[in-house]
Amino acid sequence: MTAVWLAVAATGLGCYALKLAGLVIPERVIDDPRVRRFTELVPVALLTALVAVQTVAHGRALEADGPRLAGVAAAVVALLLRAPFLAVLVIAAGVAAGLRFAGLG
């Protein structure tokens with residue numbers, strides 16, 4: 001088995017274990033305010049990290065891609081204006097695609 005398949009299997013087992021832990025953890029642990037705060041903030045931090053990496057990474061190098069940065073900036077503005085999430089995605093993709101189509105990226 002190659003290293004890639006070992007990584008896929010390990011990730012699958014880890015995801016299964018995480019789901020199982022959510023079912024078997026006692027409710028008193030989940031009701032702890034620190035645990036509740038942690039579970040509220042971790043998805044936000046992970047999504048932020050994913051957006052940051054996808055915005056400025058190209059393979060193994062960091063690259064400031066103008067259309068990507070403009071798309072993220074447009075998404076931030078749309079979020080600040082309280083646009084629906086689907087509209088935010090369409091706006092960000094539209095800005096990035098428009099700039100690339102115009103030859104600016």
Side-chain angles (χ1 to χ4, degrees):
M1 195 182 311
T2 66
V4 172
W5 284 111
L6 286 173
V8 169
T11 303
L13 289 172
C15 289
Y16 181 77
L18 187 62
K19 292 275 189 183
L20 183 63
L23 295 173
V24 299
I25 290 177
E27 193 166 334
R28 64 179 169 75
V29 173
I30 296 172
D31 288 340
D32 185 344
R34 293 173 297 176
V35 173
R36 187 171 304 278
R37 184 75 172 148
F38 178 80
T39 59
E40 290 172 354
L41 293 178
V42 166
V44 175
L46 291 174
L47 183 59
T48 303
L50 178 65
V51 168
V53 168
Q54 291 297 314
T55 300
V56 296
H58 182 72
R60 295 183 135 214
L62 294 178
E63 180 180 299
D65 185 4
R68 283 188 202 174
L69 292 174
V72 171
V76 168
V77 170
L79 286 169
L80 289 174
L81 295 174
R82 304 218 181 256
F85 188 68
L86 185 58
V88 172
L89 294 176
V90 170
I91 290 167
V95 167
L99 289 174
R100 288 192 193 283
F101 183 75
L104 299 174

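The chain is numbered in sequence order, starting from 1. For clarity, every value in this text was computed on a predicted model and none was experimentally measured.
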Check whether Leu104 and Val95 end up in the same hydrophobic cluster, where Ile, Leu, Val, Met, Phe, Trp and Tyr are linked by side-chain heavy atoms less than 4.5 Å apart. yes
Same cluster (ILVMFWY, side-chain, under 4.5 Å), Val35 and Ile25: yes
Please tell me whether Leu69 and Val77 are part of a single hydrophobic cluster in this structure, the criterion being side-chain heavy atoms less than 4.5 Å apart. no
Looking only at heavy atoms, what is the nearest atom pair of Gln54 and Arg68, with distance? O-NH1, 3.1 Å
Straight-line distance of Leu86 CG to Ile91 CD1, nearest 0.5 Å: 10.0 Å
Is the closest basic N to carboxylate O distance between Arg100 and Asp65 below 4.0 Å? yes
Quick check for you: to the nearest 0.5 Å, what is the distance between Leu13 atom CG and Leu18 atom CG? 12.5 Å
Here the pair of heavy atoms bringing Asp32 nearest to Arg34 is OD2-NH2, 3.0 Å
Note, Asp31 side chain near Arg36 side chain (heavy atom, < 4.5 Å): yes
Atom of Ala92, atom of Gly71 and distance for their closest heavy-atom approach: CB-O, 3.3 Å
Determine the minimum heavy-atom distance between Val88 and Ala83, stating which atoms define it. CG2-O, 3.9 Å
Side-chain contact test, heavy atoms from C-beta onward, threshold under 4.5 Å: evaluate it for Lys19 versus Leu23 and give yes or no. no
Same cluster for Leu46 and Phe38 if Ile/Leu/Val/Met/Phe/Trp/Tyr side chains link at under 4.5 Å? yes
